[in-house]
Amino acid sequence: MHPTQELAIQLEDAFEKLRDLPDCLEPLDEDLDLKLRLAASLCRNAFMSFYKNDSHDLFHIAVIGGAGTGKSTIVNFLVGTEVADRNPQAGYTRHPIGYTASDHRPDKQFHNGRLGPLTLLTRPTAPNLDEDVCQIRDLSSAAADKDFLRNIVVWDCPDITTDLSRHYIQRVIEPVSLADLVVYAASDERYNDLIPSRFLALLLQAGKPTLCCLTKLAREDILTITTAFRNQVLAALPSNHLILNVAVLPFIPPTALADPTGAGNSYRQALLDCLRPWQQQAARHRQEAAQRALAFLHQVTQELHPRVESATSLLTDWEGLLRRPGENFRTGYLRHKLSDPVLAEHFDNAFVKLIALLDWPGHASVLNLPFKAIRYPWAWIKTLVVRTPQTIPRMEEQILRDLWHDWRNELLATLGQFSAENPFWRHLHQELNQPSVQSKLESQFSRCLKELASATDAETSRIAHAIHQDVANHPVLLNSLRSLKFGAEVATVATVLWVGGLGAETLLIFLLTPIIQEITEYFGKQYIEMHKKTAALRKQELVTNIVVDSLMGVLTSDAIKTVADLRRYTDSFRQITNTLPTFRALVEAEIRAAHTPVGHST
Ligand SMILES: Nc1nc2c(ncn2[C@@H]2O[C@H](COP(=O)(O)OP(=O)(O)OP(=O)(O)O)[C@@H](O)[C@H]2O)c(=O)[nH]1
Ligand SMILES: [Mg+2]
């Protein structure tokens, strides 16, 4: 596939997606919806001739207008024979029908994605078939003006009159996007109808060269109505310089209506005369229209920008909203973690091992015995006096589960408060309250717990183990500490005996020696507490990485439909802003490179 075509398809897809608004956003107004439809359709239809290098590429004329304005009649006068069904029932033609007499099969042009949503019918079918279809009729064996139709397809389109025509507006938008020239029909009675006039304004904004055609005018009204149409309708339109001319079809007698090249030939020639300037420069018009269509795509993107920005900021707000309870989860966890009995047990064991290290090992351990004996009475009294506080053991899992539920409840409460502000918060609140979503989050939470358990068990015991291992691995430090403690104990005993001799004062030994032990244990405890805090912080990090981030990940991911919808919307827009400049540059390069035959004539 040609790279430009790939980009065109991406853009088309992104514009379509921007129409498909998520429920959590304010609906598009009709005007913007039409612009998006047109933008997507232009991407499908308007640029292909610049990258397909198809020498049999045909020019397209789309005849549009209000119901019963005479579109099918104009088509008959253009092609030179009565092939399009004229019908007094307004709104009769319900899908586009293209007429041509090209030597090359025009339906082949539709194999590559043109007129995208419309199915090409393979057999002639009545024009009032009210479905998303289109037809191409080959007039090469009919009594049509084959010279005119050699490289032109004339499209008879459904009407654009009322809100009722909304459901088939796409059947007008497709041929119009494809068209190199739009013929806009307006009848004597209703030449300034609001909806068709608005549609005309939109086409001009999109850069389509247009020929207006006033129909069924009584001879005496021609001047008045033409002037009124120019002043009341055309003058108010933006880009009205793209209106090539205003053709007039006076009220045609029935005999002439049925015979466009015979009795009706004078009407036909007048109409063709208005077309001729465009026809002579059709290729140049096509190039200029493509450039204007590119500008239109850019303009639509600009118009969407504020909406998309507010959608993006809703997503950012949502992440911010999650962060605060997430932070409470982390600090709450740290608080619980420091009094966690499992962690305490790890470090209590480490403490016992650390203190034991300060005794002499091996044969020298006999040196410890007298001091152990001296300390025994104090140690015994201590077990009676100092009671270890009974912590109520709470399972780690329960702590985390409670914290998670607090987090979730706070979120729901906040979303509930915001619900009135914006449909996004309301949808999010409703979705997070759904049992299926809650169970999705619960099972994600359980998965996190398992992962956390295996990741942290090893981590805590590693840190606790490392405490006494570190000291044991530094023999100089260890022996210095042992000597210091032992020296202090010996010095205490010696001093008491030397100063007081054997007597009642000797009992002081049983008081002072345990004090040295208490001081040693005090410093040992501080050392352990330091590491305990490190372990708790490390675990907090793991909780953050494994539980908090993962739950935040789920809550901000596409698993939550409201978030996914909004993100798809902003992503589609980003796709356009990323792709459009390159696409524009490529198409403009193709336009510059395109061969423009001077005075190209059909
Ligand atoms: N006598 C006469 N009848 C006309 C003229 N122009 C259109 N009509 C009639 O007006 C009716 C509507 O004309 P169409 O050409 O079918 O109009 P349309 O815009 O294609 O209508 P829809 O497809 O229904 O939207 C038909 O009955 C035509 O015969 C005209 O100049 N003279
Ligand atoms: Mg019709």
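For ligands, and for the atoms within them, numbers begin at 1 and follow the listed sequence. For the single chain, residues carry numbers from 1 onward in sequence order. Predicted model only: the values in this text are computed from it and were never measured.
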Out of Leu217, Ile252, Asn76, Thr73, the nearest non-hydrogen contact to atom 31 (O) of ligand 1 is supplied by Ile252

Taking only non-hydrogen atoms of Gln89 and a 4.0 Å limit, the atoms of ligand 1 in range are 24 (O)

Ligand 1 to Lys71, heavy atom cutoff 4.0 Å, flagged ligand atoms 15 (O), 17 (O), 18 (P), 19 (O), 20 (O), 21 (O), 22 (P), 25 (O)

Checklist entry - Side chains of Arg307 and Tyr569: does their closest heavy-atom pair fall under 4.5 Å? => result yes

Contact with ligand 1 for Arg94, non-hydrogen, under 4.0 angstrom = no

Any heavy atom of Ser72 under 4.0 Å from ligand 1? The part involved is both

Heavy-atom closest pair (Thr161 atom, Ile195 atom, distance to 0.1 Å) is O-CB, 3.2 Å

Within the 4.0 Å heavy-atom cut-off, what Ile74 brings close to ligand 1 is neither

So the protein N/O/S atoms within less than 2.8 Å of the Mg ion (ligand 2) come down to Ser72 OG, Thr93 OG1

Inspect the contact between Lys17 and Asp20 and indicate whether a charged nitrogen and a carboxylate oxygen are less than 4.0 angstrom apart. no

What one should report as the nearest heavy-atom pair of Asp565 and Pro22 is CB-CB, 3.3 Å

Check your understanding: Would you say Thr215 touches ligand 1, if touching means a heavy atom closer than 4.0 Å?
Key -> no

Min over Gly65, Gly68, Ala67 of heavy-atom distance to atom 21 (O) of ligand 1 lands on Gly68

